[in-house]
Amino acid sequence: MKLNAEQDAAVKLISGPCLVLAGAGSGKTRVITNKIVHLVKHCDYLAKNISAVTFTNKAAREMKERISQSLGKQDARGLMVSTFHSLGLDIIKREYKVLGMKSGFTLFDAQDTMALLKELTQKQLHEDSDLLKALTLQLSQWKNALILPPQAKKYAKGERDIIFAYCYELYQRQLKAYNALDFDDLIVMPTLLFKLNAAVRLRWQKKIRYLLVDEYQDTNTSQYELIKALVGERARFTVVGDDDQSIYSWRGARPENLMLLQRDFPQLKVTKLEQNYRSSQRILKAANALIANNPHEFEKRLFSELGYGEPLKVLFVKNEIHEAQRVVSELSGHKFMNGSAFKDYAVLYRGNHQSRLLEKSLLEHRIPYKISGGTSFFARSEVKDIMAYLKLLVNHNDDNAFLRIVNTPRRMIGPTTLEKLGSYANLRHIGIFAASFEMGLQETLSGRGLAALQAFTKWLVELNDRLTSEDQIAVVRDLINDIGYEDWLYESSPSPKAAEMRMKNVSMLFKWVTQMLKGDDLHEKITLEQVVARLTLRDVLSRNEDEEGMDQVQLMTLHASKGLEFPYVYLIGMEEGLLPHQVSIDEDNVEEERRLAYVGITRAQKELTFIVAKERIQYGEIITSTPSRFLLELPQDDLDWESGPLIKTAEQKQNIAKKGMASLNALFD
DNA sequence: TCGAAAGACTTTTTT
DNA sequence: AGTCTTTCGA
């Protein structure tokens with residue numbers, strides 16, 4: 001595929017810092033991949049000195065495949081294409097000693113973090129799930145802004161912040177005791193390390209001689225600091241971003257980082273990609289009209305040469321049940337008429353829960369579908385169990401994992417035994433695993449409980465010993481066999497069929513572990529410890545056996561759809577309170593919701609259909625809804641409303657009136 | 001120690 | 001409405 005002039009300019013800009021402002025569908029991934037190929041083929045860079053960073057595993061995987069295709073396996077050797085978090089993990093893996101950590105650390109996922117905080121706060125805050133959520137959010141925000149416990153404590157004002165800052169300190173101390181890290185630490189730790197230790201920083205600057213960052217508008221403060229530390233004075237980097245597609249501010253993303261770049265690197269060269277190669281002119285016009293309602297730092301005018309295209313449709317349905325049925329019937333009718341494939345269709349929605357009814361409806365019609373995003377696999381108890389076993393196997397200090405599986409399957413180690421063990425460990429300030437070997441335990445614990453406990457810990461120690469000398473795959477296999485997990489599944493599942501399903505998941509997990517331990521053309525061999533961390537980051541090599549090849553309708557959230565494209569898109573739940581989500585309306589953050597809608601619209605290549613339900617069940621109650629304000633912001637001439645534009649509420653009438661005024665004012669400006 | 005039944009809680013988005 | 005959690009009784 002040939003590059004256009006702007007794309008080509010962006011590729012060839014290699015002597016200094018480079019910012020590419022790339023509108024939706026303007027071929028930004030193509031620029032990144034071509035640039036890497038260019039660097040290797042024409043600029044004497046070795047692939048192993050180039051690092052490309054993305055936000056999602058999927059994006060990283062696809063990019064890696066594309067590059068190694070055009071570069072060849074040999075030249076692509078050692079190329080680092082990863083998510084921010086995997087990059088952080090790689091850095092920590094090599095520098096853990098400098099960071100004061102022991103080898104064999106555990107990565108805590110959101111649930112682990114939650115569980116730990118729950119335990120830590122039980123005495124301070126009484127159990128209050130809202131507060132707990134606020135706390136996790138606050139801790140994450142502090143970390144993303146590179147604020148450590150001492151600073152948090154110092155600058156905390158108000159009772160709540162003081163308590164939170166104290167919890168933060170406690171939490172970090174506990175993580176350290178477990179030899180564990182959370183997701184945010186994967187960015188924060190390397191960043192601080194580079195800030196404080198020049199030697200290590202230089203080593204990494206030497207290793208990563210060119211850095212490329214995708215979806216730059218999604219970076220938070222700590223990520224930007226990490227980038228700056230990595231590129232150093234040489235400032236050889238390319239970042240690609242689009243402020244209109246910034247949809248992650250809720251997790252600390254700061255699209256201002258696009259502006260900051262100009263301040264921090266005065267020699268920055270900026271290129272704009274404004275030709276869209278994805279959507280019909282009509283779809284693009286609608287997207288432009290929508291996003292024009294947001295303020296802009298960088299002006300850009302996206303255009304398309306792909307023909308005007310069909311009008312966008314707006315369908316009305318009675319409720320969410322009809323919505324699901326309508327999508328499916330529209331879709332299968334359209335497919336029949338057009339002779340297209342299922343995989344040409346995507347149904348996009350705001351929240352994960354909206355997929356449930358769709359799934360049901362698709363199942364009834366025997367339509368193959370794929371839900372991406374949903375955590376379903378790793379949320380299953382059998383998968384969590386095995387993951388906990390693996391975590392504990394590589395890190396005996398992980399009390400969290402210990403408590404999850406010490407009695408699963410049954411080992412006759414009940415709550416009383418564990419409580420005594422726990423308080424003993426607390427008393428001695430050691431982990432519960434280590435405590436199980438202490439002689440002093442004999443005084444409080446009955447012989448049988450102690451015997452069962454020590455049998456368990458001894459068994460794990462032996463397995464762990466084998467990790468260094470033997471085939472790690474065999475050790476994992478033995479672990480699953482030793483615990484008799486399959487029998488336990490059949491015992492504890494409601495039906496043999498359910499047990500069979502669950503065992504299949506265990507096998508899938510085992511397969512992934514095996515693949516990652518072995519490595520392949522694109523991926524080096526890694527240790528079990530790394531495998532476990534990667535799995536926690538949901539970074540698995542090949543997706544389920546049937547990733548690409550299968551002809552399936554795609555179901556996903558708007559967030560998950562970013563970066564993808566589909567010929568026919570259905571955008572469901574286009575209602576006030578759902579697409580501008582109520583929470584965002586209340587918090588006066590409709591702009592980000594508008595960007596979310598923009599992302600959704602710009603996924604479509606040929607046809608786009610909106611669906612509005614007149615009523616919807618929320619918390620078991622029927623709510624009558626009004627069409628999303630975003631529908632009214634689109635060019636009405638290009639919209640095909642099924643039953644005439646419904647303008648109901650006074651607010652929406654006002655909205656239209658205001659817009660009228662605005663365009664009137666524009667005439668006189 | 002386990003299963004059933006009542007009760008609480010959910011619905012924003014992710015590494 | 002549906003799912004996850006807690007509680008109670010056997």
Side-chain angles (χ1 to χ4, degrees), chain A residues 53-60 82-89 107-113 118 127-130 132-133 136-137 140 143-144 181-188 215 218-220 222-223 245-253 319-321 348-357 359-360 372-376 378-379 381 407-408 410-416 491-494 533-540 556-563 573 575 577-587 589-590 592-593 595-597 599-600 616-623:
Chain A
V53 185
T54 67
F55 274 84
T56 64
N57 294 310
K58 192 162 50 173
S82 55
T83 62
F84 263 103
H85 291 85
S86 318
L87 175 65
L89 185 67
L107 185 57
F108 270 29
D109 65 17
Q111 282 167 337
D112 297 326
T113 296
K118 212 172 191 172
E127 275 186 70
D128 180 332
S129 77
D130 276 353
L132 202 63
K133 246 182 237 158
T136 43
L137 208 71
S140 184
K143 289 188 175 196
N144 289 334
L181 298 170
D182 66 19
F183 283 155
D184 297 321
D185 287 336
L186 292 180
I187 315 294
V188 174
E215 307 282 11
D218 289 338
T219 52
N220 59 39
S222 61
Q223 284 161 338
Q245 295 188 66
S246 162
I247 53 175
Y248 285 104
S249 70
W250 49 273
R251 68 172 196 204
N319 55 34
E320 70 274 7
I321 299 168
L348 309 180
Y349 37 80
R350 176 70 235 258
N352 275 310
H353 64 282
Q354 289 174 270
S355 68
R356 198 169 294 142
L357 284 167
E359 223 177 323
K360 202 177 143 208
S372 38
T375 50
S376 49
F378 285 93
S381 67
N407 207 29
T408 308
R410 293 270 119 68
R411 275 190 195 89
M412 306 299 281
I413 302 172
T416 32
E491 258 169 56
S492 62
S493 300
R534 282 255 138 82
L535 286 171
T536 309
L537 283 177
R538 313 283 123 96
D539 181 12
V540 289
M556 68 190 78
T557 63
L558 288 163
H559 282 87
S561 75
K562 192 163 73 160
E575 296 132 49
L578 199 54
L579 189 36
H581 195 274
Q582 194 56 49
V583 176
S584 299
I585 297 175
D586 295 341
E587 288 173 2
N589 189 20
V590 178
E592 177 141 321
E593 299 285 312
R595 289 193 289 268
L596 206 46
V599 166
R616 200 172 278 278
I617 292 174
Q618 223 168 37
Y619 302 110
E621 268 183 289
I622 296 174
I623 308 276

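By convention in this document, chain letters (A, B, ...) are assigned in the order of the sequence lines, proteins followed by strands, and residues within each chain are numbered from 1.
Of the candidates B:dT11, B:dT15, B:dT13, the closest approach to any side-chain atom of A:Ala110 belongs to B:dT15. Nearest nucleotide to the side chain of A:Phe183, out of B:dT15, B:dT14, C:dA1: B:dT15. Residue A:Ile617 has its side chain nearest to C:dA1 when only C:dA1, B:dT13, B:dT11 are considered. Among the nucleotides C:dA1, C:dT3, B:dT14, the one closest to any side-chain atom of A:Asn352 is B:dT14. Nearest to the side chain of A:Thr83, among B:dT14, B:dT11, B:dT15, sits B:dT15.
Here A:Phe84 pairs with A:Phe55 under the ring pair (Phe, Tyr, Trp, His ring centres under 6.0 Å) rule; sequence neighbours left out. Considering only residues two or more places apart in sequence or on other chains, A:Tyr349 meets the ring pair (Phe, Tyr, Trp, His ring centres under 6.0 Å) condition with none of them. With sequence neighbours excluded, no residue satisfies side chain to side chain donor-acceptor pair (under 3.5 Å) with A:Arg356. Applying the ring pair (Phe, Tyr, Trp, His ring centres under 6.0 Å) test to A:His581 and every residue at least two apart in sequence or in another chain returns nothing. Take A:Ser246 and apply the side chain to side chain donor-acceptor pair (under 3.5 Å) test, not counting sequence neighbours, and it matches no residue.
Within the 4.0 angstrom heavy-atom criterion, base atoms lie near A:His85. Residue A:Phe84 is classed as having no contact, given no heavy-atom separation below 4.0 Å to the nucleic acid.
Residue A:Thr557 places at least one side-chain N or O under 4.0 Å from the OP1 or OP2 atom of B:dT14.
In this structure, A:His581 places its NE2 atom 13 Å from P of B:dT10, rounding to the nearest Å. Distance A:Asp539 CG to B:dT15 P: 10 Å, rounded to the nearest Å.
A donor atom on one side chain and an acceptor atom on the other are not found under 3.5 Å apart for A:Glu593 and A:Asn589.
B:dT11 has A:His353 stacked on its base ring, the centres lying under 5.5 angstrom apart and the planes within 30 degrees of parallel. Residue-nucleotide stacking is not present for A:Phe55 and B:dT14, judged by a side-chain ring centre under 5.5 Å from the six-membered base ring centre and planes under 30° apart.
If you take atom C1' in C:dT6 and the same atom in B:dT11, they sit 22 Å apart, rounded to whole Å.
The OG1 atom of A:Thr54 sits 10.5 Å away from the CG atom of A:Leu87 when rounded to the nearest 0.5 Å.
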Its dot-bracket string being built from Watson-Crick and G-U pairs below 3.5 Å, with | for another strand and [ ] for crossing, DNA chain B has the pattern ||||||||||.....
